[in-house]
Amino acid sequence: MTKIRSVVLGCGSYLPEQVVTNAQLAARIDTSDEWIVQRTGIRERHIAAEGEFTSHLALRAAQAALTDAGVDAQSIELIVLATSTPDNTFPATAVAVQHGLGINHGAAFDLQAVCSGFVFALATADNFLRTGAYKRALVIGAETFSRILDWNDRGTCVLFGDGAGAVVLEAQEQPGNAATDRGIVTTHLRSDGRHKAKLFVDGGPSSTQTVGHLRMEGREVFKHAVGMITDVIVDAFQATGLNADSIDWFVPHQANKRIIDASAHKLHIAPEKVVLTVDRHGNTSAASIPLALAVARKDGRIKKGDLVLLEAMGGGFTWGSALVRW
């Protein structure tokens, strides 16, 4: 029996020009390159310029994805933009991207699941496409986390960066075999609000009428991360009959190299299958997975027919996984 799958037609990314190294941060706050690299694997991050907004980054990534896919912007019927750092409280940053692409049909909206945002957005778009509501969609992860950081807090300001990544999805009929079908094979999403205080922003329109700053209990987040990540990946394997040996590439949320290494080890995924960009990008929240996808696609690692495993965990806590055959 055939099935409709959401097939990736192309991907693209955009990083702000300004690069901030660990050494540059060490000149401003009490930290060092050795301290940051040892604990996180991060060596540098990109920071948006003054007047450069999340929508600007998202638009550039969307344009790159459309070019890579070889499709016209007017064929896009749905835009789902994952971000925790929108241009405005409202309207959605997605409509700014829609306007920037010259699209005035279909639907565009933002989705907020913090670092898990891209996986949540991918699952959301996939469900719309599989029902036949839309034929072609743009899924974007874009962030300017530099705008919500406390630059005097060395425990958090060294971790994050700005950037955007996007994929173009198209509903296509596939044979219905999870082991061979192209497209999104399965997605699994979770959340648990009991952990809010471990990773949150201490502001908002309703609570403080301010943007606020990111606050994190790093050890607590680390403690929960590996178990939650592997949990939804096991769910993906059980739903499809696939396993770690089936995976060609593991593209995790790029938050911390130690978390990524521990997750891959627990799942028995070989290190050479893991796509790592955290050293160059830092944690770009919802943008980290599509940024990593674009890197691995551009350098030739991810090829048509490859099975790619995505996972992320973010504030809330939220966490999720997706299996995608390129």
Side-chain angles (χ1 to χ4, degrees), residues 12-61 64 83-87 114-115 117 141-165 199-203 210-219 221-222 225 252-261 274-296 298-299 312 314-315:
S13 64
Y14 177 74
L15 290 162
E17 288 185 15
Q18 183 185 5
V19 175
V20 176
T21 65
N22 291 346
Q24 288 173 299
L25 287 178
R28 296 165 49 186
I29 58 173
D30 181 20
T31 190
S32 68
D33 175 68
E34 182 184 15
W35 188 90
I36 298 169
V37 172
Q38 183 181 26
R39 286 162 178 77
T40 70
I42 299 168
R43 298 183 181 277
E44 61 185 32
R45 71 286 293 146
H46 292 252
I47 302 296
E50 185 176 351
E52 190 174 38
F53 305 154
T54 295
S55 63
H56 300 143
L57 277 57
L59 178 60
R60 293 286 293 270
T83 188
S84 298
T85 52
D87 290 7
V114 201
C115 298
E143 303 282 15
T144 48
F145 254 54
S146 61
R147 307 276 157 77
I148 58 171
L149 297 178
D150 177 351
W151 288 97
N152 294 312
D153 178 6
R154 72 169 190 163
T156 58
C157 74
V158 302
L159 304 178
F160 296 90
D162 302 334
L199 179 55
F200 70 107
V201 169
D202 61 4
T210 64
V211 173
H213 292 111
L214 184 146
R215 306 299 179 193
M216 181 174 71
E217 297 177 14
R219 289 182 180 178
V221 174
F222 189 96
H253 167 51
Q254 306 288 317
N256 183 304
K257 187 177 184 295
R258 291 194 299 161
I259 293 175
I260 293 169
D261 290 346
V274 181
V275 175
L276 276 173
T277 57
V278 68
D279 57 329
R280 289 165 282 168
H281 299 164
N283 183 347
T284 55
S285 190
S288 79
I289 289 177
L291 278 168
L293 284 172
V295 167
K298 188 174 182 179
D299 66 23

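None of these values were measured; they are calculated from a predicted model.
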> Taking the side chain as C-beta and beyond, is there a heavy-atom pair between F53 and T144 under 4.5 Å?
Replying inline: no
> Is there a side-chain contact between D162 and E52, using heavy atoms and a 4.5 Å cut-off?
Replying inline: no
> What pair of heavy atoms forms the shortest contact from L149 to T156, and how long is it?
Replying inline: CD2-O, 4.3 Å
> Does the side chain to side chain contact (heavy atoms under 4.5 Å, CB included) test come out yes or no for I260 and Q254, once each step is laid out?
Replying inline: CA-CA 8 Å; I260 293 169; Q254 306 288 317; 3.8 Å; yes
> Between NZ of K257 and CD1 of I42, what distance do you get to the nearest 0.5 Å?
Replying inline: 12.0 Å
> Backbone N or O of H213 within a donor-acceptor pair of the D150 side chain at under 3.5 Å?
Replying inline: no
> Do the non-hydrogen side-chain atoms of L15 and R280 ever get within less than 4.5 Å of each other?
Replying inline: no
>> Nearest 0.5 Å, please: how far is CG in N256 from CG in D261?
In response: 9.0 Å
> Can you tell if the side chain of V158 reaches within under 4.5 Å of the side chain of I29, non-hydrogen atoms only?
Replying inline: yes
> Distance from R28 atom CZ to C157 atom SG, nearest 0.5 Å?
Replying inline: 7.5 Å
> Can you tell me if CZ on R39 sees more than 12 non-hydrogen neighbours from other groups inside 6.0 Å?
Replying inline: yes
> Between T54, L57, T85, which is the residue that forms a side chain to side chain contact (heavy atoms under 4.5 Å, CB included) with E143?
Replying inline: T85
> Rounded to the nearest 0.5 Å, what separation is found between the CG atom of N283 and the OG1 atom of T40?
Replying inline: 10.0 Å
> Closest approach of H46 and P16, non-hydrogen atoms and distance?
Replying inline: ND1-O, 2.6 Å
>> Working to the nearest 0.5 angstrom, can you tell me the gap between D33 CG and R43 CZ?
In response: 6.5 Å
> What do the steps show when you test N22 against S32 for side chain to side chain contact (heavy atoms under 4.5 Å, CB included), and what is the final call?
Replying inline: CA-CA 7 Å; N22 291 346; S32 68; over 6 Å; no
>> On a heavy-atom basis, which atom in F145 and which in L214 lie closest, and how many Å separate them?
In response: CE2-CD1, 3.4 Å
> Can you check whether W151 reaches L25 side chain to side chain, under 4.5 Å on heavy atoms?
Replying inline: yes
> Is there a donor-acceptor contact under 3.5 Å from the side chain of Q38 to the main chain of W35?
Replying inline: no
> Any idea which heavy atoms bring L291 and Y14 closest together, and the distance?
Replying inline: CD2-O, 4.1 Å
> When rounded to the nearest 0.5 angstrom, what distance separates CZ in R215 from CG in D153?
Replying inline: 6.0 Å
> What's the shortest heavy-atom distance between F222 and R258, and which atoms?
Replying inline: CE1-CB, 3.8 Å
>> Looking at every heavy atom in both I36 and R45, which two are closest together, and how far apart are they?
In response: CG2-NH2, 4.3 Å
> Do R147 and V211 have side-chain heavy atoms sitting under 4.5 Å apart?
Replying inline: no
